[in-house]
Visitor: 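Below: one structure in structure tokens.
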Amino acid sequence: MSGDHSHNNSQIDSGSRHNDSHKHKDKYKDKEHKHKDHKKDKEREKSKYSNSEHRDSSDKKHRDKDKERLKLKDGSSDKQKDKHKEKKKEERSFDGKPKKEKENGFESPFIKSEPENDDFYNSPKHEKSLKRERDDDDDEFKPKKIKTEDDRNEKKVKKRKQGEEDVKPKKKTKDKKGEVATDGKKKAKKEPEEKWKWWEEERHADGVKWKFLEHKGPVFAPPYEPLPSNVKFFYDGKQMKLSSGAEEVATFFAKMLDHEYTTKDIFRKNFFKDWRKEMTSEEKSKITDLNKCNFSEMSEYFKAQSEARKAMTKEDKLKIKEENERILQEYGFCIMDNHKERIANFRIEPPGLFRGRGDHPKMGMLKRRIRPEDIIINCSKDSKHPKPPPGTKWKEVRHDNKVTWLVSWTENIQGSIKYIMLNPSSRIKGEKDWQKYETARRLKKCVERIRAQYREDWKSKEMRIRQRAVALYFIDKLALRAGNEKEEGETADTVGCCSLRVEHLSLHQEMDGQEYVVEFDFLGKDSIRYYNKVPVEKRVFKNLQLFMEDKEPEDDLFDRLNTSILNKHLQELMDGLTAKVFRTYNASITLQQQLNELTNSEDNVPAKILSYNRANRAVAILCNHQRAPPKTFEKSMQNLQTKIDAKKEQLADAKREMKSAKADAKIRRDEKSKKTVETKKKAVQRIEEQLMKLEVQATDREENKQIALGTSKLNYLDPRISVAWCKKFGIPIEKIYNKTQREKFAWAIDMAEKDFEF
DNA sequence: ATTTGTACTTAGTAGAACCGGT
DNA sequence: ACCGGTTCTACTAAGTACAAAT
């Protein structure tokens with residue numbers, strides 16, 4: 001399994017951001033036109049290949065297939081088959097019957113919540129009274145009381161159901177940022193203590209996301225403030241006063257003047273087109289060429305402004321901070337089912353120029369200002385509805401408890417819907433996250449069967465099945481994304497597994513001493529380059545040759561497959577299985593294995609953390625989570641090296657001192673000199689430790705140059721693995737998770753014991 | 001069967017916040 | 001207090017998935 005995950009570091013080493021790679025840009029740009037007919041191509045291919053499936057024997061292609069099959073029919077493949085049969089049997093037996101392990105209720109279809117709970121959730125009376133004072137102190141009785149997650153003084157939430165080990169000594173959670181808890185270990189347990197443990201409660205019935213929801217609506221972007229009159233705009237060398245509408249859009253461009261975006265043709269073209277729409281007819285007739293526009297005064301003005309902001313007095317900064325805090329308190333929370341929950345993004349996205357990633361055809365377009373009239377509010381019927389700003393109206397107020405969002409609007413660039421939703425620490429996100437990992441753990445139980453199945457399918461008579469099987473192999477082995485098809489010309493040209501094109505792979509019968517190497521080179525999500533050379537099974541290789549036969553580079557590799565076909569198939573293999581579950585599963589299982597492999601219980605804490613980071617890194621490489629090397633990377637490495645050198649000096653000095661102290665003690669043989677020796681010894685040890693720490697840090701940083709650990713940590717790694725590891729090796733959880741992360745993973749920190757296994 | 005619409009997760013980055021050293 | 005950097009957070013784009021409409 002993860003033995004499969006032999007990742008070539010070349011994936012990272014030679015991978016570069018698309019943006020930086022002109023070679024790439026050109027390569028893909030050239031395709032643009034041809035690619036336009038992609039849909040048609042697909043049709044063509046389809047008829048071509050669908051026939052071939054049936055006129056078996058006459059088809060040359062098929063003869064090859066047969067040949068191949070014969071060749072492969074040797075002992076090993078038979079064994080393979082038998083093994084497969086066995087597996088299948090064994091799997092079926094456990095698959096068919098109800099799971100014994102009740103995985104926190106996430107096992108298969110959601111289970112109904114029991115009536116008692118339903119009842120109280122349903123009672124609007126209670127909810128109505130939420131806002132009013134808590135006259136009852138019987139908070140054992142289902143809450144009228146709103147549990148505020150951040151209210152540390154609040155009485156502890158009583159458990160409703162399971163888990164009786166409750167009541168632990170109440171301790172202030174201490175999560176000041178830098179805090180270096182050296183004892184750690186048990187901290188993990190204490191942390192979420194006074195907070196609501198939603199994970200110990202029943203979940204809502206199927207599809208129902210909440211019973212009560214109240215919030216204050218979104219915070220709108222501040223209105224446009226016209227430029228002071230001394231900041232001028234010049235067109236063709238002549239000063240020109242812009243109308244407020246045109247000026248605002250101009251400032252968006254001016255603010256980005258230093259960004260490379262503004263040098264890109266598409267960006268400029270799109271911007272100019274949209275800018276002109278905001279101009280008065282007079283302006284429109286005058287301003288006809290972006291190259292003749294001079295925004296530099298505006299640009300300077302904004303730079304000065306930001307300098308001024310930095311230079312503000314402490315008091316002023318504090319004032320701003322307080323104001324932000326006030327807004328946060330007022331708009332940053334909602335009440336969902338008796339609990340005050342943090343909202344993730346309560347501010348409406350301000351207008352500006354669209355910054356698409358990679359070669360985005362819409363970059364530079366104007367993202368228009370969102371007004372109350374664009375906003376749909378979602379809340380409980382019986383809640384206090386948020387009110388629109390004076391003199392305005394919401395587009396709609398609805399009461400849909402089958403969805404989790406509080407506010408939505410339609411964005412004008414792609415016409416997609418944007419949402420305001422809750423923070424990852426919220427129950428509604430946490431439950432889903434937990435469930436995601438439970439699904440992945442269920443996959444763990446049947447992944448061998450599924451693997452056997454797709455390997456078998458490589459031999460299928462049907463092209464669509466072979467394609468499906470090879471695609472699934474990639475998804476499993478390489479943790480590729482599913483690869484939904486995208487609308488041509490609406491987005492950057494990126495692909496995932498199902499949307500790979502012939503041009504994205506090259507096949508090497510033999511390369512670097514390995515057989516059957518597939519070289520992948522494509523742009524994935526966010527136009528991050530995926531580059532990898534992978535030796536594959538011969539059968540996969542032959543299949544790929546077959547899929548690529550008679551196709552143009554811009555044709556789909558898997559012309560008989562798309563994500564919905566694939567997912568439909570996966571659904572049949574396991575309830576809840578989709579392509580992305582493989583990513584989650586492989587990421588988490590890799591972390592667990594790597595931790596087992598790399599952690600050395602003899603090591604000190606920093607060394608163990610290095611091991612952890614390395615395990616994390618293995619996952620990040622698997623998932624191709626890259627980052628631009630920090631601009632300051634070289635320098636910071638150098639600094640660190642300087643520090644290390646200095647520390648080495650210091651160590652040498654300390655050692656020398658120790659020696660002389662020893663010599664001294666040998667002669668004098670008195671208590672005092674003995675003590676000195678001890679002190680010096682201690683000093684040496686301390687310095688050695690510091691040096692070690694620095695060296696570990698250097699290694700860690702170097703290895704992390706262009707790898708981003710955050711994404712996998714946040715989205716792919718079952719937090720219980722990390723929590724268990726921390727508990728097992730006495731590592732304080734805050735060494736692994738910062739405050740936000742601890743909030744998001746509170747459920748895992750609370751429930752995972754040191755023996756947790758993914 | 002395909003397309004469209006919706007909801008929700010996953011992603012990298014810019015800039016704010018913070019920190020340790022001077 | 002400031003400097004030079006690192007870490008954290010907010011932001012929002014770009015994916016996946018699935019259901020409804022065509």
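Throughout, protein chains are lettered first and strands after them, A, B, ... in sequence-line order, and every chain is numbered starting at 1.
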Visitor: Look at all strands and tell whether Phe354(A) reaches a base, only sugar-phosphate, or nothing, counting heavy atoms closer than 4.0 Å.
Guide: sugar-phosphate
Visitor: Within this structure, what is the CD1-to-C1' distance between Ile475(A) and dG15(C), rounded to whole angstrom?
Guide: 14 Å
Visitor: With nearest nucleotides of DNA chain C determined for Gln697(A) and Glu349(A) from heavy-atom distances, which residue corresponds to the more 5′ nucleotide?
Guide: Gln697(A)
Visitor: Please give, in whole Å, the distance from dA14(C) C1' to Lys362(A) NZ?
Guide: 14 Å
Visitor: Between Arg357(A) and dA14(B), does any side-chain N or O lie under 4.0 Å from OP1 or OP2?
Guide: no
Visitor: Give a yes or no on whether a salt bridge exists between Asp258(A) and Lys303(A), defined as a side-chain N under 4.0 angstrom from a carboxylate O.
Guide: yes
Visitor: Decide, yes or no, whether a salt bridge links Glu349(A) with Lys367(A) under the criterion of side-chain N to carboxylate O below 4.0 Å.
Guide: yes
Visitor: Could you tell me the separation between the NZ atom of Lys744(A) and the P atom of dT10(B), rounded to a whole number of Å?
Guide: 7 Å
Visitor: Base, sugar-phosphate alone, or nothing: which one does Thr494(A) contact when heavy atoms must sit under 4.0 Å apart?
Guide: sugar-phosphate
Visitor: Can you work out whether Asp433(A) or Arg398(A) has the more 5'-proximal nearest nucleotide on DNA chain B?
Guide: Arg398(A)
Visitor: What is the distance, rounded to the nearest whole Å, between atom CG of Asn624(A) and atom C1' of dA11(B)?
Guide: 12 Å
Visitor: Residues from residues 399-406 of chain A sitting under 4.0 Å of DNA chain B, heavy atoms only?
Guide: Lys402(A), Val403(A), Thr404(A), Trp405(A)
Visitor: Does Lys429(A) come within less than 4.0 Å of Glu341(A), counting only side-chain N to carboxylate O?
Guide: no
Visitor: In whole Å, what is the span from the CG atom of Asn345(A) to the C1' atom of dC11(C)?
Guide: 8 Å
Visitor: Salt bridge check: are Glu307(A) and Lys310(A) linked by an N-O gap of less than 4.0 Å?
Guide: yes
Visitor: Looking at side-chain heavy atoms only, is the closest gap between Ile420(A) and Trp409(A) below 4.5 Å?
Guide: yes
Visitor: May I ask you to say what Gly710(A) touches in the nucleic acid, namely base, sugar-phosphate or nothing, with a heavy-atom cut-off under 4.0 Å?
Guide: nothing
Visitor: So do Thr578(A) and Thr563(A) actually touch side chain to side chain, heavy atoms under 4.5 Å?
Guide: no
Visitor: Within the 4.5 Å heavy-atom criterion, are Ile707(A) and His625(A) side-chain neighbours or not?
Guide: no
Visitor: Check every strand shown and say whether Pro424(A) touches a base, only sugar-phosphate, or nothing at a heavy-atom separation below 4.0 Å.
Guide: nothing
Visitor: Send over the distance from Met256(A) CE to dT13(B) C1', rounded to a whole Å.
Guide: 13 Å
Visitor: With sugar-phosphate meaning primed atoms plus P, OP1 and OP2, does Asn567(A) contact a base, only sugar-phosphate, or nothing at under 4.0 Å between heavy atoms?
Guide: sugar-phosphate
Visitor: Decide whether Ser499(A) and Glu485(A) meet the rule of one side-chain donor and one side-chain acceptor closer than 3.5 Å.
Guide: no
Visitor: Nearest-nucleotide wise, let me know which of Lys314(A) and Lys635(A) is further upstream toward the 5' end of DNA chain C.
Guide: Lys314(A)
Visitor: Measure the distance from CD on Glu485(A) to C1' on dA17(C) and round it to the nearest whole Å.
Guide: 12 Å
Visitor: Is the distance from OP1 or OP2 of dA13(C) to the nearest side-chain N or O of Lys418(A) less than 4.0 Å?
Guide: yes
Visitor: Lys580(A) has an atom NZ; how far is it from atom C1' of dT10(B), in whole Å?
Guide: 8 Å
Visitor: Applying a 4.0 Å non-hydrogen cut-off, can you work out what Ala708(A) is touching in the nucleic acid: base, sugar-phosphate, or nothing?
Guide: nothing
